[in-house]
Amino acid sequence: MTTEEIPWLEWGADAFARAAAEQKPVLLAIGAAWCRGTEEMDRVSYRDPAVVQLVTERFIPIRIDADRRPDVSERYTLGGWPTTAFLTPAGEILGGGTNLESGPLAVVLVQVATAFAARRAEIDRRVVEPTGGGRDTGTGFEPGAHELDEDAGRWLDEQLLAQFDETWGGFGSEPKRVYADALAAALLRCRDTTNPDLTRVVTHTLDAIAERGLWDPVEGGFFRYCERRDWSEPHVEKVLTLNARLLELYLSASQLLDRSDYADQAAAIIRFVHGTFADPDGGFCASQRADPAYAALSSLEARRGRAVPPIDRTVYTDATAVMASAYMLGSSILGDRSLVEFAATSIDRVVMETYERGGGVGHNATGAPVARGLLTDHVTISAALLDLYDLTGQDVYLDMPRELMSYCEQSMWDEVGGFTDRARANLTGHDAPVGLLREPHRPLGLNCRAAIVLARLAVCADEPRYRDQAVRTLACQTPVYREHGLDGAAYVLALDQIEATDGV
């Protein structure tokens with residue numbers, strides 16, 4: 001049997017059932033629309049005739065987009081994108097890696113298929129008798145009651161100062177990425193402690209991010225991260241969520257630190273986002289693919305001579321919600337009412353197009369397939385709806401987050417460690433969870449954001465039970481947040497919000 005293209009299947013129980021019936025391993029390809037390596041592997045490695053024949057004859061090929069299926073990507077990505085993972089028909093990981101050229105890939109395909117055939121009996125035993133009851137993708141959780149850590153702020157101060165790069169700004173050596181929660185929490189600590197060292201951490205870092213390699217000086221927008229300590233050699237894809245978080249940071253810093261230049265930077269981010277990512281029908285496109293040769297051109301005139309890097313026009317619920325919230329903050333600080341209007345249109349669109357009564361919201365308002373029951377969508381859209389409620393006072397923007405968070409409590413709450421990243425699915429057939437999706441993953445950042453939403457609901461709805469649930473949610477993260485280093489700053493942000501609700 002020969003074919004010119006790999007007959008990729010969607011992730012689902014049907015594909016794994018076929019792998020079991022045909023006694024073949026699964027090749028799972030995970031990529032991203034913004035990832036140049038994914039495009040190159042699709043264009044070269046997965047088009048090589050030898051690779052196509054091997055995959056078609058000896059594997060069940062499945063591919064996903066990491067942005068479209070974050071729950072699958074969280075569990076199966078191996079070191080970055082593109083990921084090439086080899087799985088058993090039960091969804092266990094046999095091995096894999098990242099980008100592979102066609103020659104090495106063909107060699108690996110033969111090795112995996114041969115080893116799988118030779119070890120069928122052993123693999124079948126592992127499926128029937130799993131060791132340790134399965135892998136828990138949460139870290140360090142133990143059953144039992146926990147309390148909030150009132151010393152979290154001081155712990156974070158120590159982390160910020162210890163990891164701060166005095167020379168170039170940012171944290172650590174290389175590669176350099178944006179720790180958005182850490183910077184947001186540092187801004188709060190500046191407000192609460194008036195510590196000049198923390199102010200220097202924030203300003204030096206925000207200055208470096210805006211003035212060095214992360215910002216595109218020609219067309220605007222922030223690239224994803226930089227290879228070098230001095231913020232040089234950027235990876236030049238542009239992702240909506242990172243630009244949203246940085247927009248929030250520059251807006252907040254402009255107000256808290258009285259820096260008009262940060263307000264100017266925020267306005268520049270909005271111009272880029274609205275010109276490049278805003279969908280005319282509401283919502284925001286997800287990303288723009290990396291093209292290093294295009295990004296290296298230092299003028300608009302030069303860039304007009306090349307094709308513009310493609311934009312992933314998928315409108316994701318969570319990414320649109322985060323940018324809509326940033327737009328609303330921008331409206332308040334920059335005095336631009338049109339930002340609220342577009343944010344409201346965007347939120348209305350993703351809710352109306354993805355919401356199902358009793359089933360929450362879907363992950364994307366455009367494109368297929370649509371994943372449902374993801375914590376990221378429910379937390380972020382609830383936060384954006386509460387922002388709209390704060391601005392408009394309209395009850396509809398309070399009623400929906402109450403319903404969505406109730407759905408999360410009913411379908412995602414886990415007494416062991418807080419919310420899991422996806423709903424417990426009592427489903428059969430095509431929609432049944434397979435492989436590592438059967439196992440709980442309790443993301444720190446999303447649990448902290450869920451606690452913030454619940455604390456805000458306590459105030460907006462004047463119902464103390466929401467504050468109690470916020471405390472329970474955050475307390476579940478007390479045993480583990482310090483293990484996440486600077487990403488543990490999400491805990492401090494949530495603690496600040498909960499403390500603001502004392503007396504509710």
Side-chain angles (χ1 to χ4, degrees), residues 29-48 63 65-68 73 77-84 97-105 165 168-180 205 207-247 265 268-269 271-273 275-277 284-314 319:
I30 306 175
W34 47 260
C35 176
R36 186 170 180 84
T38 297
E39 186 272 334
E40 289 177 348
M41 198 164 178
D42 287 343
R43 179 172 51 84
V44 180
S45 298
Y46 286 135
R47 293 278 182 171
D48 181 272
R63 70 176 306 150
D65 184 291
D67 292 330
R68 194 173 293 275
S73 180
T77 294
L78 304 173
W81 302 282
T83 277
T84 305
T98 53
N99 200 351
L100 288 171
E101 295 181 356
S102 55
L105 177 58
D165 184 339
W168 297 107
F171 303 98
S173 180
E174 55 186 30
K176 274 288 174 64
R177 72 175 179 91
V178 176
Y179 288 86
T205 299
D207 291 346
I209 289 171
E211 296 168 4
R212 303 194 66 80
L214 206 65
W215 176 254
D216 180 355
V218 179
E219 294 178 284
F222 286 105
F223 301 127
R224 197 163 65 94
Y225 73 97
C226 294
E227 283 283 359
R228 301 303 173 202
R229 178 187 168 193
D230 63 353
W231 300 95
S232 62
E233 297 186 28
H235 283 230
V236 295
E237 57 272 3
K238 296 176 183 177
V239 179
L240 180 67
T241 48
L242 176 62
N243 280 273
R245 294 304 306 278
L246 282 166
L247 175 54
Q265 180 65 54
I269 299 170
R271 286 193 295 273
F272 161 74
V273 169
T276 305
F277 286 155
F284 299 90
C285 302
S287 61
Q288 185 174 35
R289 184 181 297 163
D291 185 340
Y294 181 90
L297 299 173
S298 58
S299 70
L300 281 173
E301 291 74 19
R303 290 187 180 185
R304 289 192 183 107
R306 292 181 60 94
V308 176
I311 293 172
D312 178 5
R313 299 196 174 278
T314 308

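In what follows, every heavy atom counts, from backbone to side chain, and hydrogens, waters and symmetry copies are set aside. One is the number of the first residue; the rest follow in order along the sequence.
Separation of atoms CZ (Arg212) and OG (Ser232) is listed at 7.5 Å; rounding is to 0.5 Å. To the nearest 0.5 Å, atom CG of residue Leu105 and atom CG of residue Asp48 are 8.5 Å apart. Residue Glu101 holds its CD atom at 6.5 Å from OG of Ser45, rounded to the nearest 0.5 Å. Note: Leu78 CG to Ile30 CD1 = 7.0 Å, rounded to the nearest 0.5 Å. For the atom pair Met41 CE and Ser102 OG, the distance stands at 9.5 Å (nearest 0.5 Å). Between the CD atom of Glu211 and the CD atom of Gln265 there is a distance of 8.5 Å, given to the nearest 0.5 Å.
Here the shortest heavy-atom pairing between Phe272 and Glu219 reads CD1-O, 3.5 Å. In terms of heavy atoms, Lys176 sits closest to Arg228 at CG-O, 3.6 Å. Looking at every heavy atom in both residues, Glu39 comes nearest to Arg289 through CG-NH1, 3.2 Å. In this structure, Thr205 and Gly170 approach most closely via the heavy-atom pair OG1-N, 2.9 Å. Here the closest heavy-atom approach between residue Trp231 and residue Cys226 is recorded as O-SG, 3.5 Å. The minimum heavy-atom distance linking Asp291 with Pro309 is given by the pair CB-CG, 3.7 Å.
The side-chain heavy atoms of Ile311 and Thr276, taken from C-beta on, include a pair separated by under 4.5 Å. Asp67 is not listed as a side-chain neighbour of Thr314, based on a closest heavy-atom distance of 4.5 Å or more. Leu247 has its side chain out of reach of Val273: every pair of non-hydrogen atoms, C-beta onward, lies at least 4.5 Å apart. Taking 4.5 Å as the limit, every side-chain heavy atom of Glu237 sits out of range of all side-chain heavy atoms of Phe223. Lys238 places a side-chain heavy atom less than 4.5 Å from the side chain of Asp216. The side-chain heavy atoms of Arg47 and Asp42, taken from C-beta on, include no pair separated by under 4.5 Å. You'll find the side chain of Thr84 reaches within 4.5 Å of the side chain of Tyr46, heavy atoms only. Looking at Val218 and Leu300, their side chains come closer than 4.5 Å, going by heavy atoms from C-beta outward.
Side-chain atoms of Arg303 come within 3.5 Å of backbone N or O of Leu297 as a donor-acceptor pair. The backbone N or O of Phe222 lies less than 3.5 Å from a partner atom in the side chain of Asn243, making a donor-acceptor pair.
There is no side-chain donor-acceptor pair under 3.5 Å between Tyr294 and Gln288.
Among His235, Glu174, Glu233, the one residue that satisfies the side chain to side chain donor-acceptor pair (under 3.5 Å) test with Tyr225 is His235.
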